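Keep in mind that what you see is a predicted model, and the values were worked out from it rather than measured.
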Amino acid sequence: MDLTDIYAFPKPGDASKSILIMNVHPSSTVIDPHSTTAEPFAPDAVYELKIDTNGDAVADVAYRINFASLSEGRQIASMRRVEGALAAGVDDGGEVIVMAAPVSTGSDAEVTEAGDYRFFAGWRSEPFFFDTLGAVADLQFTGADFFADKDICSIVLEVANSALGSKPIGLWARILDRQGDRWMQVERGARPQQAVFLPGEQREDYLSAEPADDNQFIKTFAHTLEHSGGYRPDEAERVARTLLPDILVYDPGRPASFPENGRSLTDDAADVFMAIFTNGKVPGDGVGPHRDLLAEFPYLGSPHNPHL
C-alpha cells in the first residue's frame, strides 16, 4: 500500500481516450534494498483513482480497484466506477467495469478489455527516474539512476475522455485499508515527492486528509521551502500554494506536460521538484527517461525480474 506515482496522458494515436496510471509497491527501496513481497497488491485494500470534474478538489468520479489472492501467489482484480457524492466517500462499491482480471507477474502483460476500457494490473519496469542516492548524499548528484533496474506494481487504465467529463479534471490516487469493519485512508497523492515537505508528526495527517483540506499544510510546506531553498517567507508561502492542493491537473485535449498538464512517462518530474525545492540552485540530477517504455498499452516496460 505504498503509493509512488500517478500519470495521465492522451492515448498515443487516439485523442479520444486517456491513459491513467497508478504505481505502488516498489520492488526495493533505499531503506530496504531487498525485494519486497511477491504479492503485488494488498487483498484487504482499495486502490482508487479520484477525479474532480468541477474544480472544487472533491472527487466526482472514482475508479476503485480491489484484489483477491489465489493459490500459488496469483491474484485477480476487479474495478468499479462510482459517480456523484458517492465518489467522495470511503467505500468499495460501485458499478462493476472489470471482474476477475488476471494480475500480471511475468514478462508478458495480461490485458483485460471491457467496453471502452482497457485494464492492466501487475509488475512492470519502474518508469520513474532519479538519482536517489545523490539526493540523500546532500544533493551531490552523479547522474546514476537508482530506478534503472527496479520494478513497480502498476494499475493502468485506458478510458474514453467522455467518461472524465467535458472539462479539464483534477486527478489523484488514494489507498484504503480495511481496519476491522471500517475502511481507512492510509495513502494519497498526485504530485511526486511531496512527502519530503512533511515532518513525521504531520505525515500521517497529510496522508489521511483530502485535497480539499490541504490549506492546513501550506505553512508546513512554506517552512520547509524557506530552509531548503532560501525563500523569503512570503515567497515560500506563494510557492507552497502552487503545490497544494495535491492534485494533478489534466486536460485530455492537450498534450501531457508536467506540471502544467497531466504527466507523461518521460516528463522529468524530479527535475521540476528539485528546481522548486532548492529555489533553482539545483536545477536537476542529470538523469533522463527510461528506454524500455512500450509504444502500446500498458506502455510500461516488462519487469526486470519477473515475479513468477
Side-chain angles (χ1 to χ4, degrees), residues 2-9 12 19-38 40 104-107 109 120-156 173 187 189-197 228-229 243 248 255-307:
D2 182 4
L3 173 64
T4 61
D5 291 279
I6 68 170
Y7 301 84
F9 52 91
I19 307 300
L20 310 180
I21 299 178
M22 176 183 184
N23 282 346
V24 301
H25 188 185
S27 60
S28 64
T29 66
V30 173
I31 297 173
D32 184 4
H34 302 292
S35 295
T36 55
T37 59
S104 292
T105 56
S107 296
F120 169 88
W123 286 102
R124 290 276 91 186
S125 173
E126 166 69 88
F128 186 65
F129 49 98
F130 186 51
D131 180 2
T132 303
L133 297 181
V136 299
D138 198 26
L139 304 185
Q140 299 301 306
F141 293 118
T142 65
D145 184 0
F146 176 82
F147 299 96
D149 60 350
K150 301 299 189 296
D151 293 333
I152 198 75
C153 290
S154 296
I155 297 169
V156 187
E187 264 274 30
R191 297 175 63 101
Q193 301 172 296
Q194 296 275 77
V196 73
F197 292 107
S228 67
L243 302 174
L248 191 67
S257 179
F258 182 83
E260 288 81 14
N261 188 52
R263 180 182 175 188
S264 77
L265 294 169
T266 57
D267 283 339
D268 201 333
D271 277 7
V272 172
F273 171 81
M274 289 309 308
I276 294 172
F277 188 67
T278 66
N279 199 3
K281 298 179 179 66
V282 180
D285 63 343
V287 176
H290 293 168
R291 298 181 178 179
D292 61 352
L293 299 172
L294 305 180
E296 299 178 343
F297 192 91
Y299 304 100
L300 303 168
S302 298
H304 299 276
N305 299 293
H307 299 252

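From I21, atom CD1 reaches atom CG of D5 across 10.0 Å, with rounding to the nearest 0.5 Å. Taking CG of D2 as the reference point, atom CD of E187 lies at 5.5 Å (rounded to 0.5 Å). For the atom pair L139 CG and D285 CG, the distance stands at 10.0 Å (nearest 0.5 Å). Note that CD1 of I6 and CD1 of I155 are 12.0 Å apart. Values are rounded to the nearest 0.5 Å. In this structure, T266 OG1 and F258 CZ are separated by 13.0 Å, a value rounded to the nearest 0.5 Å.
Between G301 and L294, the shortest heavy-atom distance links the atoms CA-CG, 4.2 Å. P12 and Y299 make their closest contact through CD-OH, 3.5 Å (heavy atoms, listed as atom of the first residue, atom of the second, distance). Closest non-hydrogen pair, Q193 versus A269, comes out as OE1-O, 4.3 Å. Of all non-hydrogen atoms in P127 and L293, the two that sit nearest each other are CB-CD2, 4.2 Å. When every heavy atom of G106 is checked against every heavy atom of R124, the shortest pair comes out as O-NH2, 4.1 Å. The two residues P303 and D151 come nearest to each other via the heavy atoms CA-OD1, 3.4 Å.
You'll find the side chain of F128 reaches within 4.5 Å of the side chain of Y7, heavy atoms only. Side-chain contact between I152 and V24 is absent, with no heavy-atom pair separated by less than 4.5 Å. In this structure, the side chains of D292 and S302 stay at 4.5 Å or more apart for every pair of heavy atoms. With contacts defined as side-chain heavy-atom distances shorter than 4.5 Å, the pair P255/N261 does not qualify. A 4.5 Å side-chain heavy-atom check between P26 and K150 finds every atom pair outside the cut-off. Looking at L243 and I276, their side chains come closer than 4.5 Å, going by heavy atoms from C-beta outward. When side chains are defined from C-beta on, D131 does not count as touching M274, because their heavy atoms never get closer than 4.5 Å. When side chains are defined from C-beta on, L3 counts as touching M22, because their heavy atoms get closer than 4.5 Å.
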Intermediate values then yes/no, side chain to side chain contact (heavy atoms under 4.5 Å, CB included), L300 and H290 = CA-CA 10 Å; L300 303 168; H290 293 168; over 6 Å; no
Please assess T4 against N23 for the test side-chain hydrogen bond (donor to acceptor under 3.5 Å, both in side chains), listing each intermediate value before the final yes or no.
-> CA-CA 6 Å; T4 61; N23 282 346; 4.9 Å; no
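F277 and F273 have parallel rings, their planes meeting at less than 30° on a 0 to 90° scale where 60° marks the start of perpendicular. The aromatic rings of W123 and H25 are tilted relative to each other, their planes meeting at an angle between 30° and 60°.
A side-chain donor from one of S125 and H304 sits under 3.5 Å from a side-chain acceptor of the other.
Ring to ring, F130 and F141 are close: their centroids are under 6.0 angstrom apart. The distance between the ring centers of F129 and F147 does not fall below 6.0 angstrom.
Remark: R191 engages no residue in a salt bridge (charged side-chain N to carboxylate O under 4.0 Å, His left out) (not counting sequence neighbours).
Under a 3.5 Å cut-off, the side chain of D267 and the backbone N or O of S264 do form a donor-acceptor pair. Between the side chain of Q140 and the main chain of D138, a donor-acceptor pair closer than 3.5 Å is present.
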